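Sequence lines set the chain letters: A, B, ... in the order given, protein chains first and strands last, and positions in each chain run from 1. Predicted, not measured: the structure shown is a model, and the values here were computed from it.
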Amino acid sequence: MYFTQFVLNYAWAAIPNGNCNNICMGGNSLLNLLLCDKGHLTKPSNPATAKAVTTTILNHLDSGRLRKAVSILFYAPFPFHFSLYARLFQLCSSTGSRAIVEARKVESHLFTFSPTPPVFLVNRAIEAFAKCGSLGDARELFEEMPQRDGGSWNALITACSQSGSPEEAFRLFVKMSRSGFLPNEITFASVLGSCAAVLALSLSRQVHGLIVKYGFGGNVVIGSSLVDIYGKCVIIDDARKIFDEIKNPNDISWNIIVRRYLEMGEGEEAIVMFFQMFKAAVRPLKFTFSNALVACSSISALDEGIQIHGVAIKMGFDDDEIVSSSLIDMYAKCGDLESASAIFDQPNSKDVISWTSIVSGYAMSGQTWKARELFDEMPERNVISWNAMLAGYARYSQWEEAVDFLFLMRNTTNNIDQVTLGLILKVCAGLLDVELGKQVHGFIYRHGFSSSMFVGNGLLHMYSKCGKMRSAKTVWFHQISHWRDRVSSNALLSSYARRGRSELAMTIFCGMQW
DNA sequence: TTAGGGTTAG
């Protein structure tokens with residue numbers, strides 16, 4: 001006993017910095033080899049010892065000392081109850097832990113003293129490895145399993161789905177069926193997660209058929225996943241139909257449908273669904289509040305925004321950082337700057353996002369002097385804050401202020417993006433300064449911003465406004481030939497129309513997609 | 001036991 005303990009301690013101490021990756025891996029680890037030779041020592045000489053060690057481990061776990069608990073288990077030269085291993089696997093992968101080293105130690109100890117552990121416990125190990133971010137360990141363990149059950153397949157499919165390997169999840173799903181295991185709710189939920197990750201609509205439809213065939217259509221998680229996928233694939237009517245078929249949609253289901261309507265640009269429907277949620281007596285999540293408020297901003301629905309604000313106060317959501325930022329932005333975008341400022345002035349409401357919302361609110365409502373006052377007071381700024389101020393000058397054609405601001409920006413920050421460049425082009429167009437515009441074009445080309453739609457449209461607008469139709473056509477036919485939206489078409493069309501080139505304007509007009 | 005959504009500002 002003492003000899004084994006000594007050997008173990010010695011072996012462990014020989015690994016620098018506690019790096020046990022090698023010692024803990026697989027059935028041929030150094031630890032396993034050492035312990036296999038001491039087979040007669042694999043039972044505690046005194047049952048009371050095992051009980052005492054288990055109690056010590058549990059005490060450490062209760063106090064949140066996972067590493068210490070695993071360390072004690074690892075050094076103990078006898079097996080423990082399977083439920084302890086299960087708990088340890090779960091804790092190794094719980095939020096905040098992600099303790100891959102500890103998970104490997106637990107696995108090593110388990111296999112050393114129980115060479116054929118129950119399948120459910122190996123499944124837990126696979127899940128733990130995957131949640132710790134090591135899909136390789138999970139895959140290896142799965143491959144080495146002499147026996148598997150449906151849970152083993154589910155564990156690996158989920159592991160692939162959550163580790164960003166959707167294709168592998170699909171392959172395993174097919175292989176699982178061929179191996180004679182029937183998929184259950186868990187399998188379908190994971191496969192649907194993979195479908196959503198790659199927007200695999202055709203595959204989703206096939207999986208949907210199987211879900212109906214196997215009778216899992218009424219499952220709230222699966223129903224919500226289907227709503228999510230169809231919504232993400234821009235088939236909102238199907239998404240809504242499936243949502244309506246869910247018997248008791250929960251907070252997540254409602255959040256998905258509100259979010260999908262918002263993303264589709266159907267702000268009104270998003271708000272309607274938000275209020276319907278209360279009729280169904282489901283408590284919204286803070287994200288659902290935020291989504292509903294963004295929906296109000298998108299369609300300037302101030303009255304509904306005020307109602308949502310009231311509900312947020314009543315339910316205690318107004319203290320939440322994201323909800324209060326969304327409220328400030330909603331009021332600012334709906335033009336009620338007084339209410340936006342009132343929330344902004346409350347303690348703990350002033351982060352860079354709410355600062356930017358309030359600056360943008362004043363800037364875009366024409367009160368650029370007030371916006372600038374606030375901008376100058378900002379304790380912290382980022383590229384979005386700078387753009388918000390510049391966008392205000394550009395919207396109200398304050399070209400001199402815009403140029404001064406650009407000089408200040410150049411001297412203060414190196415952080416610019418495609419929105420900044422689009423706005424600078426707008427300033428060039430406003431000043432009819434095509435030479436400056438060309439310099440900006442060169443910068444865009446050199447720094448790889450050419451593929452941005454915002455920048456492309458900015459170039460088109462700048463050249464058109466400055467009367468350089470040949471350059472505008474070059475942008476139209478080369479730079480933005482793969483995508484053209486209504487903004488691009490409008491830029492060229494209005495320019496041709498202004499110059500009396502009605503036949504060219506008509507060509508653009510007829511080519512527009514309505 | 002295992003499964004789904006989300007993150008506010010230009």
(request) Provide, to the nearest angstrom, the distance between the OH atom belonging to A:Y331 and the P atom belonging to B:dA9. (result) 16 Å
(request) For the pair A:E168 and A:R139, find out whether any cationic side-chain nitrogen is under 4.0 Å from an anionic carboxylate oxygen. (result) yes
(request) Sorted by first residue and then second, give each salt bridge (charged side-chain N to carboxylate O under 4.0 Å, His left out) pair with at least one member in residues 218-232 of chain A; sequence neighbours left out. (result) A:D228-A:K232, A:D228-A:R260
(request) Only counting residues at least two apart or in another chain, list the ones meeting side chain to side chain donor-acceptor pair (under 3.5 Å) with A:H447. (result) none
(request) Grab the CG-C1' distance between A:N184 and B:dA3 for me, whole Å please. (result) 9 Å
(request) Between B:dA3, B:dA9, B:dT1, spot the one nearest the side chain of A:A189, thanks. (result) B:dA3
(request) From the options B:dT8, B:dT2, B:dG4, select the nucleotide whose nearest atom is closest to the side chain of A:E127. (result) B:dT2
(request) Return the nearest nucleotide to the side chain of A:V294; candidates are B:dA9, B:dA3, B:dG4. (result) B:dA9
(message) Ignoring hydrogens and geometry beyond distance, is the side chain of A:N154 in donor-acceptor contact with the base of B:dA3 at under 3.5 Å?
(response) no
(message) Applying side chain to side chain donor-acceptor pair (under 3.5 Å), can you list everything that pairs with A:S385, at least two apart in sequence or on another chain?
(response) A:T356, A:N382
(message) For a quick test of reading the model: is some side-chain N or O of A:Q162 closer than 4.0 Å to OP1 or OP2 of B:dT2?
(response) no
(message) Filter on side-chain hydrogen bond (donor to acceptor under 3.5 Å, both in side chains), then keep only pairs touching residues 266-281 of chain A, sequence neighbours left out; what's left?
(response) A:R240-A:E269
(request) Pick base, sugar-phosphate or nothing for A:S225, based on heavy-atom distances below 4.0 Å to the nucleic acid. (result) sugar-phosphate
(request) State which of B:dA9, B:dA3, B:dT1 makes the closest approach to the side chain of A:I384. (result) B:dA9
(request) Any pair with a residue in residues 294-309 of chain A that passes side-chain hydrogen bond (donor to acceptor under 3.5 Å, both in side chains), sequence neighbours left out, goes on the list, sorted by first then second residue, please. (result) A:H309-A:Y331
(request) Rounded to the nearest angstrom, tell me the gap between atom CD1 in A:I353 and atom P in B:dT8. (result) 7 Å
(request) Return each pair, listed once, that meets side-chain hydrogen bond (donor to acceptor under 3.5 Å, both in side chains) where at least one residue sits in residues 172-184 of chain A; pairs must be two or more places apart or across chains. (result) A:N154-A:N184, A:N184-A:T187
(message) Has A:N411 got a side-chain atom pairing as donor or acceptor with A:F407's backbone, closer than 3.5 angstrom?
(response) yes
(message) How many whole angstroms separate atom NZ of A:K286 from atom P of B:dT7?
(response) 10 Å
(message) Among B:dG4, B:dT8, B:dA9, which nucleotide has an atom closest to any side-chain atom of A:S357?
(response) B:dA9
(message) Just to be sure I understand the rule, does A:V227 reach a base, reach only the sugar-phosphate, or reach nothing, if contact means heavy atoms closer than 4.0 Å?
(response) nothing
(message) By nearest atom, which of the nucleotides B:dT1, B:dA3, B:dT8 is closest to the A:I322 side chain?
(response) B:dT8
(request) Identify whether any heavy atom of A:E321 sits under 4.0 Å from a base atom; if not, whether one sits that close to sugar-phosphate; answer base, sugar-phosphate or nothing. (result) base
(message) I need the residues from residues 250-273 of chain A with at least one non-hydrogen atom less than 4.0 Å from DNA chain B; give them sorted by number, or say none.
(response) A:N250, A:I252, A:S253, A:N255, A:I256, A:R259, A:R260
(request) Nearest whole angstrom, please: distance from the P of B:dA3 to the CD1 of A:I126. (result) 13 Å
(message) Could you check whether the side chain of A:S224 and the base of B:dG4 have a donor-acceptor pair of N or O atoms closer than 3.5 Å, going by distance alone?
(response) yes
(request) Side chain of A:S326 only, please: which of B:dT2, B:dT8, B:dA9 is the nearest? (result) B:dT8
(request) Would you mind reading off the distance between A:W386 atom CH2 and B:dA9 atom P, rounded to a whole angstrom? (result) 21 Å
(request) Among the candidates B:dT7, B:dA3, B:dA9, find the nucleotide nearest to the side-chain atoms of A:N291. (result) B:dT7
(message) With hydrogens left out and only the distance checked, is there a donor-acceptor pair under 3.5 Å joining A:S325's side chain and the base of B:dT8?
(response) yes
(request) Quickly work out the A:N123 CG to B:dT2 P distance and round it to whole Å. (result) 12 Å
(request) Can you sort out which residues in residues 401-424 of chain A have a heavy atom within less than 4.0 Å of DNA chain B? Ascending by number, please. (result) A:D417, A:V419
(request) Using heavy atoms and a sub-4.0 Å distance, could you list which residues of residues 340-351 of chain A are near DNA chain B? By number, please. (result) none
(message) If I take atom CG in residue A:L293 and atom P in nucleotide B:dA9, what distance separates them, rounded to the nearest angstrom?
(response) 11 Å
(message) A side-chain contact here means heavy atoms from C-beta on lying under 4.5 Å apart; do A:C334 and A:M330 qualify?
(response) yes
(message) B:dG4, OP1 or OP2 - any side-chain N/O from A:N219 closer than 4.0 Å?
(response) no
(request) Quick one: list whatever passes ring-ring contact (aromatic ring centres under 6.0 Å, His included) with A:Y362, sequence neighbours left out. (result) none
(message) Run the side chain to side chain donor-acceptor pair (under 3.5 Å) test against A:Q418 and tell me which residues pass, sequence neighbours left out.
(response) none
(request) For A:L201, check side chain to side chain contact (heavy atoms under 4.5 Å, CB included) against everything at least two apart and list the hits. (result) A:R205, A:Y230, A:C233, A:I235
(message) Strictly below 4.0 Å, N to O, side chains only: are A:K241 and A:E245 in salt-bridge contact?
(response) no
